[in-house]
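Working notes for the structure below.
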Amino acid sequence: MCTPAKLPSLLEAVGAVPDPRSAHLVTYPLPMLLGLVACALLCEVRSLRSVIRWANGQGAGILAALDVPDGDLAQLPVATTLTRALARIDAHALRAAVGAFVQAHAADPLAGIAGDPPMLQLAADGKTVRGARDADGLQLHLLGVYQVYPGVMLA
């Protein structure tokens with residue numbers, strides 16, 4: 001178990017995801033892009049264009065925390081940049097990185113409260129990504145599993 005001083009940040013955790021883009025063409029670091037998307041999703045944003053709109057509405061402090069250079073709105077990517085980057089990410093590596101991040105930050109989910117027996121509550125939701133296909137030509141499906149207490153995404 002990590003101690004609070006050693007818990008990784010979300011950007012450090014997703015930094016373990018390999019960047020599939022050509023190094024000489026990279027303008028925006030992959031952890032910054034993934035951090036923008038993650039934070040926007042937590043704010044109930046549902047499209048990549050809306051991620052950029054959400055980011056444009058944030059203050060310099062939040063953008064700086066997400067490694068946007070100088071917290072400057074002019075340094076934000078456009079939606080097509082997000083689309084191209086996300087389409088090429090190794091989903092298994094991303095799932096492993098985010099799962100490790102959540103596990104490091106989550107309290108013991110099966111510990112009872114005030115002696116009550118533990119209760120595990122999960123919610124799941126899935127989507128098919130329109131127009132996205134894997135190497136075999138199959139459609140891309142996204143599945144999220146949320147643990148109600150302590151309120152974390154598990155996968």
Side-chain angles (χ1 to χ4, degrees), residues 1-23 25-109 120-134 139-155:
M1 190 66 151
C2 294
T3 61
K6 295 184 181 180
L7 289 175
S9 73
L10 177 61
L11 296 182
E12 289 169 342
V14 296
V17 177
D19 193 337
R21 303 170 294 167
S22 298
L25 297 176
V26 172
T27 302
Y28 305 100
L30 188 59
M32 181 191 88
L33 297 177
L34 294 174
L36 283 170
V37 171
C39 289
L41 286 173
L42 289 171
C43 293
E44 299 186 10
V45 168
R46 296 292 175 241
S47 73
L48 291 176
R49 285 188 180 153
S50 296
V51 168
I52 301 305
R53 274 189 242 125
W54 172 86
N56 277 308
Q58 302 310 306
I62 290 175
L63 296 178
L66 291 169
D67 284 349
V68 174
D70 302 321
D72 183 8
L73 292 175
Q75 300 292 329
L76 289 173
V78 294
T80 53
T81 299
L82 284 176
T83 302
R84 285 192 301 262
L86 293 176
R88 298 181 64 202
I89 287 178
D90 179 353
H92 297 292
L94 179 60
R95 181 178 61 219
V98 172
F101 169 79
V102 168
Q103 190 169 15
H105 286 76
D108 182 3
L120 182 62
Q121 297 178 355
L122 302 174
D125 186 30
K127 302 284 184 233
T128 300
V129 180
R130 211 165 81 182
R133 303 217 178 251
D134 66 10
Q139 282 189 300
L140 179 63
H141 301 284
L142 303 175
L143 176 67
V145 178
Y146 177 80
Q147 186 171 343
V148 177
Y149 178 81
V152 294
M153 288 298 292
L154 298 177

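Everything quoted here is computed from the prediction, not taken from an experiment.
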### Minimum heavy-atom distance A124-L143, with the two atoms named
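Scanning both residues, the minimum pair turns out to be CB-CD1, 4.4 Å.
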
### Task
Identify the heavy atoms of V14 and A97 that sit nearest to each other, and give their distance.
CA-CB, 4.3 Å

## Note on the structure
T128 meets the side chain to side chain contact (heavy atoms under 4.5 Å, CB included) criterion, sequence neighbours left out, with Q139, H141

Under 3.5 Å donor-acceptor pairs involving side-chain atoms of residues 54-64, not counting sequence neighbours:
from: N56; atom 1: ND2; to: I52; atom 2: O; distance (Å): 3.1
from: Q58; atom 1: NE2; to: W54; atom 2: O; distance (Å): 3.1

### Task
Please name all residues satisfying salt bridge (charged side-chain N to carboxylate O under 4.0 Å, His left out) with R21, sequence neighbours left out, ordered by chain then number.
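With sequence neighbours excluded, R21 shows a salt bridge (charged side-chain N to carboxylate O under 4.0 Å, His left out) to D19, given in chain and number order.
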
### Task
Enumerate the residue pairs fulfilling side-chain hydrogen bond (donor to acceptor under 3.5 Å, both in side chains) with a member in residues 89-98, sequence neighbours excluded, ordered by first and then second residue.
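Every side-chain hydrogen bond (donor to acceptor under 3.5 Å, both in side chains) pair that includes a residue of residues 89-98, provided the two are not neighbours, is H92-R95.
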
For residues 29-49, tabulate all N or O donor-acceptor pairs below 3.5 Å that involve a side-chain atom, not counting sequence neighbours.
from: S47; atom 1: OG; to: S50; atom 2: N; distance (Å): 3.1
from: S47; atom 1: OG; to: S50; atom 2: OG; distance (Å): 2.8

Listed pairs under 3.5 Å, donor-acceptor, residues 75-88 side chains, sequence neighbours left out:
from: T83; atom 1: OG1; to: A79; atom 2: O; distance (Å): 3.0
from: R88; atom 1: NH2; to: P20; atom 2: O; distance (Å): 3.0

